[in-house]
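Letters A, B, ... are given to chains in the order of the sequence lines, protein chains preceding strands, and every chain is numbered from 1.
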Number of protein chains: 2
Amino acid sequence: MTQRTSFSHGGLRPGSGRKTGSGRYAEPTEVIRIPQSAVPAVRAWLDSRAEAMGGVTVQPFTSAPSSLPLPLFGARIAAGFPSPADDHLEDSLDLNVHLVQHPAATFFVRVQGDSMTGAGIYHGDLLVVDRARQAKSGEIVIAVINGELTVKRLKIEGERVWLLPENPHYPALEIRDGMELVIWGVVAHAVRSF
Amino acid sequence: MTQRTSFSHGGLRPGSGRKTGSGRYAEPTEVIRIPQSAVPAVRAWLDSRAEAMGGVTVQPFTSAPSSLPLPLFGARIAAGFPSPADDHLEDSLDLNVHLVQHPAATFFVRVQGDSMTGAGIYHGDLLVVDRARQAKSGEIVIAVINGELTVKRLKIEGERVWLLPENPHYPALEIRDGMELVIWGVVAHAVRSF
DNA sequence: TTCTTGATTGACGTAACAATAATCAAGATG
DNA sequence: CATCTTGATTATTGTTACGTCAATCAAGAA
């Protein structure tokens with residue numbers, strides 16, 4: 001090799017390579033295949049585990065339980081969520097297909113107020129409203145009364161019609177002559193978000 | 001091809017291939033690299049969480065979601081008769097987009113029981129469960145306690161963990177040493193049908 | 001003395017691959 | 001007719017291969 005001018009740093013360094021154990025986990029690793037849905041939990045668990053191993057004091061529950069004790073600890077309890085007789089996964093579900101019967105006549109409305117809490121409809125819930133559906137007595141409807149939109153349960157008896165709240169703090173309203181009632185649509189579903 | 005004698009079963013079967021979702025995990029998988037020492041724990045955890053769901057009807061979110069943006073009306077329409085062409089039309093909303101953050105990790109479970117009515121979750125409701133989401137204190141979760149599923153509100157304070165009902169008729173449960181808790185997923189939405 | 005440099009090696013995440021598993025419907029058998 | 005078999009079809013799974021990134025080295029430059 002001919003002479004090198006200046007600006008010739010570097011060069012061979014036998015044995016200079018990265019040292020074993022210098023990686024994130026300081027130990028050998030393995031490649032495994034896991035369900036996509038489990039990836040975040042496993043990663044989080046590894047992260048918290050690495051911190052603990054680093055000698056730093058970490059609260060065991062600082063991170064979410066799903067990243068917790070992958071090892072199980074064992075107890076029992078009954079209650080809460082009895083399972084149906086069916087087993088295993090059924091067919092997949094598409095929300096648009098499952099919740100929308102008449103696409104051209106379906107609209108969403110956000111609930112304001114709490115007059116329907118007895119029916120499990122709360123402030124902020126999203127209502128799926130089907131305008132192609134014929135309203136029947138007992139159904140929850142979007143109604144227009146004297147130009148104002150409201151969510152109520154429709155009651156029809158003979159020629160008499162009511163809009164009933166599902167909260168005792170609100171009055172029932174009977175539709176009388178001279179009152180303009182329009183049933184705008186029928187509430188098919190209510191979606192509450194957490 | 002000349003004539004076939006007997007003993008000629010088999011043959012072409014277009015479309016006969018293995019169905020999607022027929023694997024051990026019934027969902028897509030990913031390959032990740034983890035420390036060798038963590039492999040047994042992760043495998044055990046995957047096994048146990050799969051077992052826990054064995055008797056429950058769970059529906060995965062469709063792998064081919066339809067697109068159906070539908071109009072979202074403003075909550076307060078002061079005057080007139082709302083119609084699709086109205087100015088009051090705030091936005092459009094697609095349920096598959098709006099309600100599903102992690103498609104591959106989203107599953108649906110139907111509620112049985114009434115321990116969570118205080119949170120607006122009633123018997124028969126359809127829960128949208130996000131399994132990729134980290135559970136935090138205060139969130140409603142699907143939890144596995146000794147192979148039994150339950151829907152509860154998770155409470156974490158320091159090192160203590162509880163599963164709380166939202167109905168005074170049911171007891172709160174504190175997770176103690178030796179108890180086996182797995183958070184199967186976080187409840188993102190509840191859908192009530194009318 | 002500190003920083004830079006080209007080279008050396010280990011670590012990591014993903015792609016690629018092959019074997020296995022699940023599914024299909026026509027044909028064979030009892 | 002009911003059940004099993006068959007060859008083909010397709011998804012899943014675990015492992016290996018691969019390329020990029022990261023950590024380390026010591027001579028040279030400032």
Side-chain angles (χ1 to χ4, degrees), chain A residues 1-56 67 70 86-94, chain B residues 1-55 57-65 102-107 131-132 134:
Chain A
M1 177 115 303
T2 62
Q3 71 188 129
R4 305 293 295 268
T5 61
S6 51
F7 312 111
S8 63
H9 308 189
L12 303 185
R13 301 285 183 270
S16 74
R18 182 173 181 161
K19 293 297 162 270
T20 298
S22 67
R24 179 189 309 160
Y25 303 110
E27 65 175 285
T29 57
E30 269 184 39
V31 173
I32 66 169
R33 187 183 288 276
I34 66 173
Q36 218 169 50
S37 65
V39 171
V42 171
R43 286 203 192 283
W45 179 64
L46 290 173
D47 288 346
S48 63
R49 182 176 175 272
E51 279 181 46
M53 286 179 159
V56 177
S67 65
L70 288 180
D86 290 4
D87 40 358
H88 294 308
L89 294 177
E90 291 187 347
D91 293 335
S92 63
L93 188 149
D94 179 321
Chain B
M1 179 109 279
T2 61
Q3 69 187 119
R4 303 293 296 265
T5 60
S6 50
F7 313 111
S8 61
H9 306 193
L12 303 185
R13 301 284 182 269
S16 72
R18 183 175 181 161
K19 293 296 160 275
T20 298
S22 68
R24 176 189 310 163
Y25 304 109
E27 63 177 286
T29 56
E30 273 183 36
V31 174
I32 67 169
R33 186 182 288 277
I34 65 175
Q36 225 170 36
S37 65
V39 172
V42 171
R43 287 204 192 284
W45 179 65
L46 291 173
D47 288 345
S48 67
R49 80 176 197 155
E51 262 180 53
M53 298 307 295
T57 303
V58 178
Q59 288 179 278
F61 182 56
T62 178
S63 57
H102 302 109
T106 293
F107 295 80
R131 302 188 68 191
Q134 296 277 17

Roughly, in whole Å, what's the span from CZ in B:Arg24 to C1' in D:dG14? 9 Å
At under 4.0 Å between heavy atoms, what does A:Pro28 touch on the DNA or RNA strands: base, sugar-phosphate, or nothing? nothing
Residues in side chain to side chain donor-acceptor pair (under 3.5 Å) with B:Ser16, at least two apart? none
5'-most contact on DNA chain C: B:Glu30 or B:Leu12, nearest heavy atom basis? B:Glu30
Could you tell me the separation between the CG atom of B:Leu46 and the C1' atom of D:dG14, rounded to a whole number of Å? 14 Å
Only distances under 3.5 Å count here; give the side-chain donor-acceptor pairs of residues 34-43 of chain A to other protein atoms, sequence neighbours excluded, each with its distance to 0.1 Å.
{"unit_1": "A:Ser37", "atom_1": "OG", "unit_2": "B:Glu27", "atom_2": "OE1", "d": "3.0"}
{"unit_1": "A:Ser37", "atom_1": "OG", "unit_2": "B:Glu27", "atom_2": "OE2", "d": "2.8"}
{"unit_1": "A:Ser37", "atom_1": "OG", "unit_2": "B:Arg49", "atom_2": "NH2", "d": "3.0"}

How do A:Ile34 and B:Thr20 order along DNA chain D: which one's closest nucleotide is nearer the 5' end? B:Thr20
Candidates D:dT15, C:dA11, D:dC25 - which lies nearest the side chain of B:Val31: D:dT15
Roughly how many Å is it from CD in B:Glu27 to C1' in D:dA11, rounded to a whole number? 15 Å
Examine the base of C:dA25 for any acceptor or donor lying under 3.5 Å from a partner atom in the side chain of B:Arg13, and report the outcome as yes or no. yes
Heavy-atom contacts, protein to nucleotides 17-22 of chain C, under 4.0 Å, summarised as B (base), S (sugar-phosphate only) or - (none) per nt, yield ----BB
Set of residues satisfying side chain to side chain donor-acceptor pair (under 3.5 Å) with respect to A:Ser22, sequence neighbours excluded: A:Arg18
Set of residues satisfying side chain to side chain donor-acceptor pair (under 3.5 Å) with respect to B:Arg33, sequence neighbours excluded: A:Thr29
